[in-house]
Amino acid sequence: MLRPGLRLFRLGGVRSPLIYCRTPSVLLRPRLPLLPAASSSPAREYSNNNAGQNKVVVVGIPNPFIWFRSRIYFFLIRAYFDRDFNIEEFTAGAKQAFTLVSRLLSERKFDALENLVDNEVLQEVQEKCSLLPDNHRVALAADSNDIMYTTTGDVAIYYDDNGRKFVSILMRFWYFTCADLPDENLEGTKVFQVAMGDGTAKDSKRLLTANYEFRREFSQGVKPDWIITRIEHSKLLD
C-alpha cells in the first residue's frame with residue numbers, strides 16, 4: 001500500500017458539464033498509437049445518424065483557476081518525469097482504456113484485466129460486478145461513440161517512503177447507455193429521448209458518469225506503463 005510522502009501538488013474537483021437538449025428543423029504506454037484527442041473541445045453534440053433531428057449538447061465550463069493549475073502539473077510532468085508527455089494524447093489513450101476496461105468488466109472477463117488494473121482494485125471490482133444485476137452490468141460498457149465529455153479530475157505527484165516517484169491522473173467520463181435502468185436507483189442521472197428515423201420512434205438514452213484513475217511509476221528502471229488504480233461508475237460501482 002502506497003503512502004504519499006512529499007506531495008507536490010493536488011488538484012481539486014471540477015464542475016460537471018452543462019447538459020441541454022436542442023431540437024433543430026488498454027494499457028496506456030507513452031508510445032501507444034492513439035486515436036485523435038477529443039477531450040479538449042468545449043462541447044460535443046450527440047445525434048442519431050439517420051435523422052439528425054434531436055441533439056444533446058454537452059458543454060464543459062472549466063474553472064479558470066483549476067485549468068491554470070492543471071497546466072502547471074502537466075508542465076512539471078514534462079520537466080521532471082517525461083519530456084514527451086502530452087495531455088491530449090494521454091486523454092485519447094485514457095478514453096481507449098476506459099472503453100476497453102468498461103467493456104471487459106461488463107462481459108466479466110476479469111482475467112483480461114490483470115495487466116491493465118491494479119490487483120487490489122481488480123479484486124474489489126470483481127466482487128462488486130458479481131453482485132450486479134444484468135441491466136447494471138450492461139450499463140458499465142461505454143462505446144467510444146457514446147462518450148460525450150472527458151476531463152481531468154484530480155492530478156497528484158508524490159513519492160513513497162522508499163523514494164519511488166509516482167504520477168496519478170484521475171479522468172472523468174460522461175457517456176450514454178441504452179441499458180434499461182430504474183430511475184430510483186440512479187439518482188442524479190439524466191434520460192434523453194433521441195428521435196429515430198422520421199422522428200416518430202424514440203430511443204431512450206441515459207447519461208452516466210465514470211471515474212478512472214491512472215497511475216505511473218517514474219522510478220529508474222521501471223517499465224513506463226500506466227495502470228488503473230481506481231474505477232468508479234456512478235451508482236453502479238461506487
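For clarity, every value in this text was computed on a predicted model and none was experimentally measured.
Here CG of Leu122 is found 7.5 Å from CZ of Phe110. Values are rounded to the nearest 0.5 Å. Atom CD1 in Ile157 sits 5.0 Å away from atom CD1 in Ile77 (nearest 0.5 Å). Separating the CD1 atom in Ile231 from the NZ atom in Lys128 is a distance of 9.5 Å, to the nearest 0.5 Å. With rounding to the nearest 0.5 angstrom, the OG1 atom of Thr91 is 4.0 Å from the CE atom of Met171. To the nearest 0.5 Å, the span separating CZ on Arg137 from CD on Glu107 amounts to 8.5 Å. Atom CG in Asn115 sits 8.0 Å away from atom CD1 in Ile227 (nearest 0.5 Å).
Counting heavy atoms from C-beta outward, Val117 and Val125 have side chains that stay 4.5 Å or more apart. You'll find the side chain of Leu132 reaches within 4.5 Å of the side chain of Leu237, heavy atoms only. Taking the side chain as every heavy atom from C-beta outward, Asp82 and Val167 never approach each other to under 4.5 Å. By the 4.5 Å heavy-atom criterion applied to side chains, Ser144 and Lys95 are not counted as neighbours. No side-chain heavy atom of Ile87 sits less than 4.5 Å from a side-chain heavy atom of Ser70. Under the 4.5 Å side-chain criterion, counting only non-hydrogen atoms from C-beta, Ile169 is in contact with Thr152. For the pair Asn211/Phe173, no side-chain contact is recorded, criterion being any heavy-atom separation below 4.5 Å from C-beta on. The shortest distance between side-chain heavy atoms of Trp174 and Thr151 falls below 4.5 Å.
For Phe218, the ring-ring contact (aromatic ring centres under 6.0 Å, His included) partners two or more places apart in sequence, or in a different chain, are Phe81. Applying the salt bridge (Lys or Arg N to Asp or Glu O under 4.0 Å) rule to Arg108 yields no partners; only residues at least two apart in sequence or on another chain are considered.
Contact record, Pro224 with Arg216: CB-NH2, 3.2 Å, taken as the closest heavy-atom pair. The two residues Tyr175 and Ala210 have their closest heavy-atom pair at CE2-CB, 4.1 Å. Of all the heavy atoms in Glu89 and Asn86, the pair that sits closest is N-OD1, 2.9 Å. Thr229 approaches Val121 most closely through the heavy-atom pair O-CG2, 3.2 Å. A pairwise comparison of heavy atoms in Ala179 and Asn135 identifies CB-O, 3.7 Å as the closest pair. Smallest separation of non-hydrogen atoms from Ser102 and Ala142: OG-N, 3.1 Å.
Between Phe90 and Phe85, the ring-plane angle classifies as tilted under the 30° and 60° cut-offs.
Judged by distance alone, with hydrogens and angles left aside, the side-chain atoms of Arg230 form no donor-acceptor pair with the main-chain N or O of Tyr212 at under 3.5 Å. In this structure, the side chain of Asp160 engages the main chain of Asn162 through a donor-acceptor pair within 3.5 Å.
In the hydrophobic cluster analysis, where Ile, Leu, Val, Met, Phe, Trp and Tyr join through side-chain heavy atoms closer than 4.5 angstrom, Leu105 is grouped apart from Leu131. Val222 and Phe166 sit in two unconnected hydrophobic clusters of ILVMFWY residues. Membership requires side-chain heavy atoms under 4.5 Å apart, directly or through other members. Follow the hydrophobic side-chain contacts under 4.5 Å out from Leu170 and you never reach Phe214; the two are in separate clusters. No continuous path of ILVMFWY side-chain contacts below 4.5 Å connects Leu207 to Val138, so the two sit in separate hydrophobic clusters. Cluster membership for Leu113 and Trp226, using ILVMFWY side-chain heavy atoms within less than 4.5 angstrom, is shared.
A salt bridge is defined here as a Lys NZ or Arg NE, NH1 or NH2 lying under 4.0 Å from an Asp or Glu carboxylate O, and Glu213 with Arg215 fails to meet this definition.
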Using side chain to side chain contact (heavy atoms under 4.5 Å, CB included), reason through Thr209 and Arg172 one step at a time and then give a plain yes or no. CA-CA 7 Å; Thr209 61; Arg172 293 178 172 172; over 6 Å; no
